Q: 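Sharing a structure below in structure tokens format, with a few things to ask.
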Amino acid sequence: MAPEVWRGTVEVEAAESVFDLLERLIDDYPRNGPLLPLVVLQAAESDRPGVLERRVREIVHFVQKAQQPRGLLSKLLEDSDHGEGPYAGAVARVRELSEHPWENQTRSQYRPFTFPRSRLLSAIEQAASEADDAVGRRPLTTADRRARLLARLAELRWRPGAGRRIAGLQDSIRSALNPSGFAGAIFLAGFSVLLGAAGWQTAMGVGVGAFAAFTAIRWLARKAPPLLWLRHASQWFATTTFLAPSAARPQTGEWSRWRPTKSWETIQGRAFAVAEQFVAAESRTESEERAKARQFYLELRVLALLEDLRYNFRPRSLDLRRRKRTVPPVVFLPHATATNGGMLLLRAISNVRSRRSEVDPLLVLAAIPATEALRPRAEPVDGDFAGDDDEQPSGPYARYEQWVVNLSVGQSPSLAPRLPWILWLPLAADQLRPRPVQRSTTRIRRTATRVLWSRTGLGVVLAAALALGSFANVRISHHYCDGQLIGSNTDSVWLPDRAGHKECIGVATGGVRFAKRSGLELDGSGKGVTFAKVEQAVRAENATVKSSKKIATIVYAGPLTPGNDSAKKGLEELTGVYLYQHESNSSNYEVKIRVLLANGGNDMLNTTAMVNSIVRLAAQDHSIVGVVGMGRDTDFSDPATKALARAGLPVVDTTNSGSYLAKSYANYFGLAATDDEEAQAMLGIARRQAQQGPKKYSVVLSRKTVTNDHDRYATEQRRVGANMLREAGFVPNNSQSYELGENGSANLQGPVAAICSAAHVPDALYFAGRVEDIPVLMDQLNQTSGCSDKQITVYTGDDISKNQDTVNAPNVTVYYTSLAPMDQGKGNFYPRARETFRELDAQQTAAANPWYKDKVFASGQIVLAYEATAAMYTAASRGGEAHNAAETWGNLRNVMIENMPTGTVTFTGTQPYQPQDVHGIDVIRVWYPPGKVEASSRILCGRGSGLRTPKLTELNCPSQ
């Protein structure tokens, strides 16, 4: 039940029936349709004191006071002396309706009415008046009058009130911030979403820019006459048949949104015709022409008013205004007479409605004197309004229903003796007798659609959008490394590592940084060069070559998550990539290098997601020529190389020793010796040991693959180690395996105890594990009974080369292969690298002698990454031209770079799907000399990269 908003009393009996009629017409408007009459109240007889007429006017005031608090859009037109007669009074009332605020426009069901068609006529009036005043008494031709009128309209921008630029700007600003308007709602909703998604700084910047742009565009649109033909008011003005007979060209208006010139001509021609009629109507000279002009112009203003009201109630609009406005606008005329223009206005509304045969939502309640007649008395008419009173129903609503039935015939000029749209309610004297009537009204019911574009509804929508935007922004930021609701960088995502910690995986583009403020730094002469400094140096190099016409983009793929165990490997390899990038870009080479960083996560366990990101980016950026890195052998190395091959991207691997990759994929080019090559290099030493004395026993100790999270290196090392020991002549014991604990350390106590308590304690042990597990192995071999008092030889792969200081058991001799023979080159790589380290703020340290013994180079990872980048760049820039990925892939088969740190980097002569036996290799022995407390190491034998001979056998690789 709607709340009561008004209660009052009137001392006239007839007020109750009139009140009921108006309330039913208002409240039943959505159901009854838009057939709304001009309700005219009139005392059936007159009395000399005018008491009856005063009581009729009280009825109108009573209804107006009762309806106004309901929130009804209404207008009370009080009697006023306009001093110019009926025409001036009628036109003034029309202007008041279209140019002044209506009651309740701020508390109504929906926003205030707009009157663009009436404003267009007001502009023509103003231009015609000012142009006529400028002319004075000097006669002008029609062409001159037309030119003056159009010139003045151009100055006014076809809007009344010239020079109100500040007001126009204020209106534009209000439109941008008005939440009940479509544009304002969109602007505020977008601003709220940005506020929740991108933070207040971005939201304020974008919001201020969008607000200024919208305000400027709207202000320019309001001020720009060339856009006039596109407005609804202009279309109506150019096409309405009401103006066709008076225009210079009487044919139907030629208007088209696609023909602005023709439309503009039509609008200008009709504007001049209307201005001529307005000037004639304002003439002070009585004439038949003035009378016709006044009737025409009054009815044109009434037509514009009614068309504006129809537009304010149009059913198809984005703001659903027809569903929000469920009651019609009401005009109250308490005293409409022939002299004040009120009766002339009623006639004009009825005439326009009949002439146009279109319905509008305007409801009028008027009171006229008993002595007045709406129709002129030129000819006798039976029943001025509705025929004989005896034939009419007695009640107001019954008379309304009869009026609706008679309306269709009543609009026929040849049959209607009355004004068809007027519902005449004659009130007899006994109906106007004093009798207190008390009534009340309730608030107008609002539909559910009122929440759309309303301040309350928009507030809820904005709050929901802000909450949803913030929630979505959080979700997106937890998925993408640089994720936000608007403008997310999809090249890198957050994924869990082995311990469940989030790490940024993918390619670092845009604002993504892998290292950020990481304090991880290089060793030796590179001390002080942090992860963050190297990453920033790479980005700085990329920025310097951004404008270059010839660019080769190389993707470095490695473990780049700071704080993880394998981050040191990623830092060293990235440093090697940067060293070559900086060296190449500083030279006079035409093709410049751009490096993108791709993170495969801790121990490269998120390689698949990283490769997918590389493939997607390469499909968009055709300057990407290939991938370097991928230097850890995992279960994902195989499918990752396959995915890159399908994408047409070659891979130059740094430290991956998997033997199967080159034999499985034509796009794979490795620089490190394979597991098979490493085992073959140590075979001679192992055979010599196995042949000394009685039977020699051996065992293979390896990490468990299941708990190692896809580390294929252990699997490959276990295979080649077992084969090598068997071929050397050792008697194999049962192999052992170990797991990793919760903190990532090796659980070796049980496996070592089993090895040392065997019937035959092994003389040789092949360790198929990672370098970080070797200190634990040394401690167990040194402390476990059965092994602690026995000299044991440990064979292992290249992983120990990352840190050979882990050998700390006096009773153990270790043989391993290095990642790279770093003493083979004759170039000046090492001094250049140290100089670059100083540029990156490295601490000044004494140079090692020889250079390659510096701790920063000891692992070989910087060197191999440097050479891998050199090989990829050489293939991508062959002949001084930038090649694409497919051409680079083909050119890699012919790469030959001499004087590299490990020798000659080349793949010349290698065949697809065949072993690439051009890798450099060193065999190194680590042992404790008698009486020494520190381990010693010595390179026993080796060969530089690019050489297929000599084969490392027992003949050319001594064990001492």
Side-chain angles (χ1 to χ4, degrees), residues 10 12-44 55-64 66-67 70 72-74 306 309 313 326-334 336 342-343 345-347 349-354 357-368 373-375 383-412 415-428 430-432 437 439 441 444:
V10 68
V12 181
E13 180 180 341
E16 184 171 13
S17 59
V18 175
F19 181 93
D20 289 338
L21 171 64
L22 262 293
E23 190 165 57
R24 292 181 70 175
L25 290 177
I26 292 171
D27 293 342
D28 293 347
Y29 175 69
R31 294 185 294 275
N32 291 343
L35 284 179
L36 299 175
L38 310 177
V39 182
V40 176
L41 307 181
Q42 185 179 34
R55 290 175 179 172
V56 173
R57 292 197 295 272
E58 287 179 359
I59 293 174
V60 177
H61 281 291
F62 171 73
V63 175
Q64 188 271 335
Q67 295 297 328
R70 304 183 66 196
L72 182 74
L73 275 170
S74 61
L306 298 182
L309 290 176
F313 278 77
T326 60
V327 295
V330 183
V331 173
F332 296 98
L333 279 169
M343 295 181 64
L345 176 61
L346 293 173
R347 292 192 191 102
I349 294 175
S350 180
N351 291 342
V352 169
R353 284 182 171 180
S354 297
S357 298
E358 293 176 345
V359 293
D360 57 76
L362 182 64
L363 175 62
V364 177
L365 177 62
I368 65 174
L374 280 170
R375 289 185 65 87
D384 197 0
F385 302 109
D388 294 335
D389 222 15
D390 296 338
E391 300 177 3
Q392 295 294 323
S394 57
Y397 194 77
R399 294 176 73 96
Y400 165 73
E401 291 179 329
Q402 186 63 41
W403 171 82
V404 172
V405 173
N406 295 333
L407 183 61
S408 57
V409 177
Q411 293 187 91
S412 302
L415 299 177
R418 62 191 65 83
L419 297 172
W421 283 92
I422 290 179
L423 174 61
W424 178 53
L425 299 181
L427 303 177
D430 60 340
Q431 293 178 292
L432 296 173
V437 177
R439 297 301 298 265
T441 54
I444 291 175

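Predicted model only: the values in this text are computed from it and were never measured.
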Q: Work out which heavy atom in Leu362 is nearest to a heavy atom in Arg353; give both atom names and the distance.
A: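 Closest approach of Leu362 to Arg353, heavy atoms only: O-NH2, 2.7 Å.
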
Q: Return the minimal non-hydrogen interatomic distance between Ser350 and Leu38, and the atom names on each side.
A: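 Taking Ser350 first and Leu38 second, the nearest heavy atoms are N-CD1, 4.0 Å.
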
Q: In terms of ring plane angle, is the pair Tyr29 and Phe313 parallel, tilted or perpendicular, where the classes change at 30° and 60°?
A: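 Ring orientation of Tyr29 relative to Phe313: perpendicular.
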
Q: Just verifying a value: how many Å separate His61 NE2 and Leu365 CG, rounded to the nearest 0.5 Å?
A: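 Between His61 NE2 and Leu365 CG, I get 10.5 Å after rounding to 0.5 Å.
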
Q: Start with the C-alpha distance between Gln67 and Phe19, add both sets of side-chain angles, then the distance that settles side-chain contact (heavy atoms from CB on, under 4.5 Å), and finish with yes or no.
A: CA-CA 9 Å; Gln67 295 297 328; Phe19 181 93; 4.3 Å; yes

Q: Distance from Ile422 atom CD1 to Trp403 atom CH2, nearest 0.5 Å?
A: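 CH2 of Trp403 is found 10.5 Å from CD1 of Ile422.
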
Q: In Å and rounded to the nearest 0.5 Å, what is the OH to CG distance from Tyr400 to Leu22?
A: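 The distance works out to 11.5 Å.
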
Q: I need the minimum non-hydrogen distance between Leu423 and Pro37, along with the two atoms involved.
A: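 Taking Leu423 first and Pro37 second, the nearest heavy atoms are CB-CB, 3.8 Å.
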
Q: What's the shortest heavy-atom distance between Val359 and Trp421, and which atoms?
A: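 Minimum heavy-atom separation between Val359 and Trp421: CG1-CH2, 4.1 Å.
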
Q: Ignoring hydrogens, what is the shortest heavy-atom contact between Leu21 and Tyr397? Give both atom names and the distance.
A: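 For Leu21 versus Tyr397, the nearest heavy atoms are CD1-CD1, 3.6 Å.
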
Q: Flag the pair Arg24 / Pro396 as yes when at least one side-chain heavy-atom distance between them is below 4.5 Å, and no otherwise.
A: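 In short, these two side chains do not touch, never coming nearer than 4.5 Å.
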
Q: Please lay out, stage by stage, how Leu346 and Leu333 fare under the test side-chain contact (heavy atoms from CB on, under 4.5 Å).
A: CA-CA 10 Å; Leu346 293 173; Leu333 279 169; 4.1 Å; yes

Q: What are the two closest heavy atoms between Arg70 and Ile26, and how far apart are they?
A: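 Closest pair (atom of Arg70, atom of Ile26, distance): NH1-CG2, 4.2 Å.
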
Q: Out of curiosity, Thr441 OG1 to Asp27 CG, how far, rounded to the nearest 0.5 Å?
A: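 Here the interatomic distance stands at 10.0 Å.
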
Q: Under the criterion side-chain contact (heavy atoms from CB on, under 4.5 Å), I'd like the reasoning laid out for Val56 against Gln42: C-alpha separation, chi angles, the key distance, then a yes or no.
A: CA-CA 7 Å; Val56 173; Gln42 185 179 34; over 6 Å; no

Q: Donor-acceptor check, side chain of Arg55 to backbone of Leu432, threshold 3.5 angstrom: yes or no?
A: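 A pair under 3.5 Å: yes.
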
Q: Stepwise, does the side-chain contact (heavy atoms from CB on, under 4.5 Å) test hold for Leu36 with Val364?
A: CA-CA 8 Å; Leu36 299 175; Val364 177; over 6 Å; no

Q: Answer yes or no: is there a donor N or O on one side and an acceptor on the other, between the side chain of Ser17 and the main chain of Ala14, under 3.5 Å?
A: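 Looks like yes, one N/O pair under 3.5 Å.
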
Q: What I'd like to find out is whether the side chain of Asp360 reaches to under 4.5 Å of the side chain of Ile349, using heavy atoms alone.
A: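 No - every pair of side-chain heavy atoms lies 4.5 Å or more apart.
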
